[in-house]
Amino acid sequence: MESLSESTVNALALLFSGNAELWEIIGISFRVSFIAITVAVPPALMTAFALTYLHFPGRRLLISINSTLLSVPAVVVGLTLYILLSRQGPLGEWKLLFTQTAMVLGQIALSFPILAAMGHAALQGVDRRAWETARTLGAGPLRAFSTVIREARFGLMAALLAAFGRIIAEVGASMMLGGNILHYTRNIPTAIALETSKGEFSQGIALGIVLLVLAFTLNALLQNFQGRGHPVS
Amino acid sequence: MESLSESTVNALALLFSGNAELWEIIGISFRVSFIAITVAVPPALMTAFALTYLHFPGRRLLISINSTLLSVPAVVVGLTLYILLSRQGPLGEWKLLFTQTAMVLGQIALSFPILAAMGHAALQGVDRRAWETARTLGAGPLRAFSTVIREARFGLMAALLAAFGRIIAEVGASMMLGGNILHYTRNIPTAIALETSKGEFSQGIALGIVLLVLAFTLNALLQNFQGRGHPVS
Amino acid sequence: MKDDILLTVRSVKKRFGRREVLREIELDLKSGHCLQLGGPNGAGKTTLLRILSGLERPDQGLIDCGDGRIAWKRIRRRLLEQTLYLHQQPYMFDGTVRYNLAYALPNRLSANEREERIKQAMDWAGLEPIRNTSAKELSGGERQRVSLARAWLRQPRMLMLDEPTANLDRESRRRTLNLLTSLKETGMSLVLASHDPLHLSTLIDRCLLLHEGRLVETEPFKIMPLSPSHLPSPMRFTA
Amino acid sequence: MKDDILLTVRSVKKRFGRREVLREIELDLKSGHCLQLGGPNGAGKTTLLRILSGLERPDQGLIDCGDGRIAWKRIRRRLLEQTLYLHQQPYMFDGTVRYNLAYALPNRLSANEREERIKQAMDWAGLEPIRNTSAKELSGGERQRVSLARAWLRQPRMLMLDEPTANLDRESRRRTLNLLTSLKETGMSLVLASHDPLHLSTLIDRCLLLHEGRLVETEPFKIMPLSPSHLPSPMRFTA
Amino acid sequence: AEEYPKNIIRLATTTSTDNSGLLAALLPKFTEASGYEVHVIAVGTGKALRMGRDGDVDVVLVHARATEDKFVAEGYGEKRYGVMYNDFIIVGPKDDPAGIRSAKAVTQALDLIAQTQSLFVSRGDDSGTHKKEQYLWNKSETRPSKTWYREAGQGMGKVLQIAAELDAYTLTDRGTWLAYHNKSPLEIRFESDPLLYNPYGIIAVNPVRHPDTNHDGAMALIKWFISPDGQTMIGEFRIGKDQLFTPSADAGEFAAFSKAY
Ligand SMILES: Nc1ncnc2c1ncn2[C@@H]1O[C@H](COP(=O)(O)OP(=O)(O)OP(=O)(O)O)[C@@H](O)[C@H]1O
Ligand SMILES: Nc1ncnc2c1ncn2[C@@H]1O[C@H](COP(=O)(O)OP(=O)(O)OP(=O)(O)O)[C@@H](O)[C@H]1O
Ligand SMILES: [Mg+2]
Ligand SMILES: [Mg+2]
């Protein structure tokens with residue numbers, strides 16, 4: 001068995017030598033997940049905000065439902081969308097199955113509950129005087145909203161990273177909705193699943209490491225924007 | 001194709017008629033995930049606490065690494081443990097591969113970064129005066145620690161739910177480490193994956209619904225303990 | 001401009017759970033007047049100020065700030081536009097002192113004007129040396145000063161001050177008095193809840209006491225009798 | 001018991017970033033004494049009290065509370081055991097008023113004793129009517145009173161009071177004076193940082209002024225000169 | 001560490017044997033007869049052999065003749081025993097755009113697909129089926145091209161679903177197809193060519209290399225599979241009225257086997 005360190009080196013060499021197929025797979029992974037998270041964030045933030053600041057009937061139920069959605073297996077999300085998008089399904093006309101768009105839809109569905117639940121927890125942690133001070137200092141609802149988000153940015157960033165981590169690494173729904181078709185819908189996690197299903201473990205690990213390196217770079221970049229990383233005490 | 005509502009009804013009927021095989025699968029799912037989360041929570045809390053309250057060199061790096069771990073695909077976690085636990089691997093002596101213990105290990109590895117990252121965000125949101133007030137009122141470090149945790153319980157509960165949701169629904173690592181052996185290591189997500197790979201979509205959906213119903217019940221119970229679910233403003 | 005009534009309050013009620021904090025609040029607030037709100041701890045001063053600032057919703061009653069009878073949602077928006085509430089324990093946004101001051105500036109100003117006004121506010125509040133300190137780390141008095149400086153920058157029509165001089169040192173109290181006096185002269189109305197109104201006594205036009213959820217008139221400097229049993233029955237005031 | 005020195009402080013320094021807040025603090029605190037700490041906003045009063053309570057770590061210097069020269073970690077533990085710091089803006093735990101009071105009780109008490117003492121504390125602070133209210137919702141003065149009641153329940157050897165009478169109504173101030181006086185008579189030492197020491201003046205044994213990071217002695221009631229240029233050079237005090 | 005009990009046999013096998021329901025039908029009988037319990041780990045052929053190589057399972061049941069022989073030759077497995085066979089078929093859209101129905105040989109069918117540039121979905125996962133497909137393309141005159149050839153990298157069931165959605169052709173084993181054909185709009189477009197023969201073999205993991213595998217159990221299972229009883233049951237296994245597998249164990253092999261164990 002090729003050793004772990006060896007395959008790491010090989011993977012990084014591949015990465016930096018500009019192996020086209022590898023970069024294509026990476027490109028598909030990030031493209032799909034970026035689009036998904038970009039689409040999911042605004043409504044998830046709105047939901048989190050509504051759960052935090054609005055009294056409305058069914059609020060608690062909604063919170064429960066949302067946390068429950070966290071436990072929906074990716075395969076079930078994938079399956080449900082699959083049934084909707086398949087030829088026999090109600091949205092079969094759109095012919096979206098086995099396209100990147102279908103993967104984006106799956107990843108939106110997967111990231112939304114994480115973003116909403118963790119966003120809710122983060123906003124709940126912000127002192128209500130933040131909102132009040134903003135409003136009383138003349139900020140309109142929109143500006144006050146963005147101020148509260150700024151105050152909660154540490155927790156919201158954690159939410160973003162968790163959600164992004166979940167979907168960039170998620171294999172069940174992507175496999176089902178994208179089909180893992182080379183050059184079209186094969187992304188890093190489905191490629192890893194394929195390699196390991198072939199028994200090519202070191203290839204799988206290598207791809208995993210590629211994902212890690214890229215995720216780490218991204219994290220480091222984001223943390224620079226984040227600011228308040230210092231300890232509380 | 002059987003309709004969605006029909007298969008839901010069938011699934012619930014199965015569930016309440018006490019279908020032994022189904023309940024066995026459910027039992028394995030929850031047993032494994034409960035053990036995993038129980039083992040993972042204390043060290044994850046400690047880590048979150050250290051990241052929040054202690055200054056030490058490499059703190060920021062550790063935070064970055066932890067968030068990066070969030071993006072490790074479950075298959076990679078599974079694969080790494082697989083290689084370690086396989087007969088050829090360094091821990092092959094233990095003969096853990098294809099046992100529930102291996103699944104537990106995989107799920108611990110998957111839940112730890114979520115718990116630590118979200119726990120960190122939750123603790124960071126607690127006013128530092130909480131810790132100080134506890135200490136100055138005569139609480140020892142341990143009691144002060146549990147007080148801070150109590151103050152952060154809303155966020156910590158979100159972390160717990162997210163982590164539990166992730167591992168109860170996770171298929172990649174369980175499949176690889178447990179082997180999806182009927183009566184031994186087949187849990188709900190691997191059963192779903194099996195059914196859907198056979199094209200038995202309605203069976204898959206039915207199992208997904210079972211998971212949802214159970215997760216929802218669990219959530220509702222937990223929320224009762226949680227208390228502070230009311231809106232901030 | 002003086003003697004305009006900016007705010008009319010009629011039979012406003014507010015309860016928390018089973019405790020009726022405000023039972024029957026009647027109040028008229030005139031332009032350029034300063035009203036002192038007295039009452040023991042938990043009497044409801046903060047609650048009333050928050051209602052008048054649009055931050056808390058009354059259970060019942062009428063508030064009119066010049067638009068007649070309108071829905072609470074619109075009243076609330078009007079109140080938020082016209083008043084500024086100075087929290088009893090001011091909240092600092094995560095950012096520097098300068099960021100916190102700039103927050104209160106109206107949008108329409110030019111960059112130069114903004115700089116100019118921030119500088120004036122810093123000078124007035126003695127915040128120049130700590131302009132780049134994180135506002136979350138400030139001392140109690142410094143927070144209070146940032147809070148007052150923000151009020152000056154915002155320049156609302158009505159200013160609701162909740163214990164503005166608590167935590168302030170003697171010099172800052174003097175400056176606060178000067179500030180509030182000059183603001184009042186521009187026609188701004190002030191409502192002041194304070195257990196230490198002595199420092200601001202020259203400012204106060206009328207003293208009201210919150211007693212059992214009602215406002216009763218009282219004499220300046222006798223605003224906190226130990227046993228309020230001899231008080232007159234509640235009536236309506238024009239401040 | 002009196003005249004025991006509970007706490008010796010020598011050349012304690014503390015800086016935040018580039019600002020030297022405490023430069024050279026020298027202090028001896030005797031059992032049963034009350035020391036008033038003056039100084040303008042941002043002088044470092046809170047910082048000093050927090051250091052003396054073991055909540056903040058000084059950059060340098062010696063603190064001895066009866067164990068001689070020991071490592072900061074151990075000093076810190078001793079300080080936390082022996083002193084109680086009353087926050088300038090008290091923190092309420094998420095829970096009822098009763099929960100917050102019970103928190104401060106020593107563990108070794110029996111259930112009956114606990115009930116008894118909580119009841120006494122509530123009576124003293126007038127918290128009985130709101131015993132089951134969520135402490136996070138309390139008014140400013142009510143929080144301050146809960147905070148003082150917690151101090152009474154804990155009964156430490158030294159009490160560091162940061163603006164204990166801010167936000168309190170007149171009656172509560174009177175009661176606070178009584179409380180602190182009786183605590184002092186039991187041999188407890190008090191350090192008091194306040195911009196309003198008038199209410200507690202009968203309590204104070206000595207007044208110190210934080211001036212440019214040093215403690216200088218001053219006369220009671222002259223603790224906040226507007227221009228501190230005429231002050232004597234720094235020296236050592238025994239309070 | 002928990003010792004894996006000696007009455008348990010771990011069998012790594014391809015998804016086709018497990019998903020078709022064959023093992024579920026057979027193994028309880030074996031357990032009844034022998035007392036051994038079988039833990040089935042259903043994965044691709046490549047991974048199943050990998051598990052055998054690493055000693056993580058006791059016995060493998062797969063269908064990739066060349067790889068199996070290599071596995072034995074390299075000393076990972078003891079000896080390959082033939083168990084049964086079925087055959088591969090090409091399924092495709094009802095209207096058969098490439099017109100392969102009339103093809104004389106499988107290679108010709110593939111050439112037609114390539115010439116008409118009809119969509120073709122490949123397993124692309126190094127499975128036994130994928131290896132067979134690559135072998136067939138090599139025999140044919142044309143080569144796949146990205147424009148009409150889609151490598152899915154998934155199991156047979158998934159590939160059938162993808163092909164159905166895309167109106168594409170694909171190569172499948174008959175067993176999986178029989179399990180799926182009710183749910184699929186595709187139809188058999190080409191079958192019956194000697195090149196499409198698909199034999200299954202069973203191999204015990206080499207006990208010399210991995211002494212702690214359950215070798216006795218593995219041998220018992222092999223014996224049962226190739227015994228007349230086992231063979232009859234394989235032949236009698238049906239989905240609907242279709243027979244999935246044809247038993248093919250060598251009677252001579254069984255005789256020799258019975259003597260040895
Ligand atoms: N959100 C709330 N939920 C429940 N009770 C509340 C809430 N807000 C205030 N109260 C209660 O209402 C009463 C009035 O509070 P308020 O803050 O208005 O008093 P106050 O007059 O400002 O007192 P202080 O002088 O101490 O600041 C208090 O007893 C307080 O506990
Ligand atoms: N954690 C911190 N980081 C940076 N600066 C700090 C920090 N804590 C306090 N300071 C600064 O140190 C100075 C002293 O603060 P401190 O709270 O001790 O003042 P104080 O004497 O209590 O003032 P006040 O009368 O306003 O309460 C202030 O200028 C404050 O901004
Ligand atoms: Mg108040
Ligand atoms: Mg202070």
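Numbered from 1 within each chain, the chains take letters A, B, ... in sequence-line order.
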Contacting moiety of A:Ile65, where chain B heavy atoms sit under 4.5 Å = both
Measure B:Tyr82 against the heavy atoms of chain A and call it side chain, backbone, both or neither at under 4.5 Å.
-> side chain
Where on B:Ile188 is there a heavy atom nearer than 4.5 Å to chain A: the side chain, the backbone, both, or neither?
-> neither
Can you tell me if A:Thr52 and A:Gln124 form a side-chain donor-acceptor pair at under 3.5 Å?
-> no
Highest number of heavy-atom pairs under 4.5 Å with chain A: which of B:Leu212, B:Ile168, B:Val75?
-> B:Leu212
Does a donor on one side chain and an acceptor on the other come within less than 3.5 Å for A:Asn219 and B:Ser64?
-> no
Value rounded to 0.5 Å, distance of CG in A:Leu62 from OG in A:Ser67 = 9.5 Å
Does A:Met175 offer a backbone N or O that forms a donor-acceptor pair with the side chain of A:Thr190 under 3.5 Å?
-> no
